[in-house]
Amino acid sequence: MARGYAPGKVILYGEHAVVYGRPAIAVPVTEVRAEVIVEDATSRPGITLYAPDIGRTVDLESAPRDEPLSLTVRNTLACLGIEVYAHPLKLTIHSSIPVASGMGSGAAVATAIVRALSEHLGRPLDAEAVSAIVYETEKVHHGTPSGIDNTVIAYEQPVIFCQGRPIAPFHAAKPFWLAIADTGVPSLTKAAVADVRAAWQRDPVRCERIFCQIGMLVDGAQRAIEGGQVASLGLLMDCNQDLLRELEVSSPELEALIEVAHREGARGAKLSGGGRGGNMIALIEPGSAERIRRALIAAGARSVIVTRVG
Ligand code: PMV
């Protein structure tokens, strides 16, 4: 038997623009995680995946080619050079990461599958191989993923991500704290990404200007994080949110939580991930975490996670 785990994640700066070659910053969130247990099966032949929390069972044999869980298993076996795996296996999946909420739930489940399966087969894969397999699964979830989710989750460390550039982990010179509040509104990243693409096709000059501004802001955030200038990170979050609003990926529910976070003293706040719903993040002082958490819940947040970066 083997177990594999993977954390959730949030994007601090740069979502959407990252799909168009600009940099983005993401950090793992270890307060939530996906877990996969792989064991030899006795009751049925073949490879079966169970997700009891959501009442799903997937048989590898009969699943459609683009079913994400079985695709991840097939790609893991292929990466290990196993063409046909005759031995019956049972994979049980649990996850505390909210689904369709910008916290990388799909990438985390896929990462935990790859880790547990490769471990069970006696050949654990490294982060680079895990990330590459999970990227293939992300294509099913997202259409045209930038690769940021699989990277931050498989490497399990803060990253500055830019398509086509080597992975750049970073170090926060001073720790800072985030409140992550879930609007409870599920939102499919694929739809938000497709709408931004349609807007870009209609008016590329306007969208490229926005992406450029986001890219510059991400560069500034990287310098501020690495230089320990935590005070400027809040303003950069607010500026990023203004630009995401211009891209029309915010929502009334996100805006309501952002307003509450500001009112309660957060230094900055923005949506995180695909937007339209899902989670917002706010830069907070640890001393005010409990007050902000209560205010966000009172304003309708489904859950609030407080996490430390650095
Ligand atoms: O919604 P999430 O957490 O999967 O984040 C998506 C981030 C986007 O930049 C909108 C898309 C991408 O592939 O990078």
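All heavy atoms count here, side chains included; hydrogens, waters and symmetry mates do not. FYI, the numbering just counts along the sequence from 1. In each ligand, atom 1 is the first atom listed, and ligand 1 is the first ligand listed.
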Exercise for review: Report the hydrophobic cluster partners of Leu235, with the cluster defined as I, L, V, M, F, W, Y residues connected by side-chain heavy atoms closer than 4.5 angstrom, directly or transitively.
Suggested key: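 Result for Leu235 is none, singleton.
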
Check your understanding: What part of His141 sits under 4.0 Å from ligand 1 if we count only heavy atoms: the side chain, the backbone, both or neither?
Key ->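 Within the 4.0 Å criterion, His141 makes no contact with ligand 1.
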
Could you tell me which atoms of ligand 1, counted from 1 in the order shown, lie closer than 4.0 angstrom to a heavy atom of [X]?
X      : result
Asp149 : 2 (P), 3 (O), 4 (O), 5 (O)
Val18  : 9 (O), 14 (O)
Glu15  : 9 (O)
Ile148 : 14 (O)
Gly102 : 1 (O), 2 (P), 3 (O)
Ile11  : 5 (O), 7 (C)
Gly274 : 1 (O), 2 (P), 5 (O), 6 (C), 10 (C)

Review point. With no hydrogens and no angle check, is any side-chain donor or acceptor of Asp182 less than 3.5 Å from a backbone partner on Gly184?
Key: yes

Review point. To which protein heavy atom is atom 1 (O) of ligand 1 closest, and what is the distance rounded to 0.1 Å?
Key: Thr189 OG1, 2.6 Å

**Study point:** Which residue and heavy atom of the protein sit nearest atom 14 (O) of ligand 1, plus the separation
**Key:**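 Looking at atom 14 (O) of ligand 1, the protein heavy atom closest to it is Ser146 OG, 2.5 Å.
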
Exercise for review: Test Pro7 against every option in Val29, Thr30, Val152 by the side-chain contact (heavy atoms from CB on, under 4.5 Å) rule and name the one that passes.
Suggested key: Thr30

Please check if the number of heavy atoms outside [X] that lie under 6.0 Å from its [atom1] is greater than 12.
X      : atom1 : result
Glu259 : CD    : no
Glu208 : CD    : yes
Glu248 : CD    : no

**Study point:** Path from Val306 to Val10 over hydrophobic side-chain contacts below 4.5 Å
**Key:** yes

Point to revise | Set of residues satisfying side chain to side chain donor-acceptor pair (under 3.5 Å) with respect to Ser187, sequence neighbours excluded | key: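 Ser187 satisfies side chain to side chain donor-acceptor pair (under 3.5 Å) with no residue once adjacent residues are dropped.
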
Check your understanding: Which one of Lys139, His16, His142, Arg22 has a non-hydrogen atom at the shortest distance from atom 9 (O) of ligand 1?
Key -> His16

Review point. Lys9: heavy atom below 4.0 Å from ligand 1, yes or no?
Key: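 In this structure, Lys9 qualifies as a contact of ligand 1 - some heavy atom is under 4.0 Å.
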
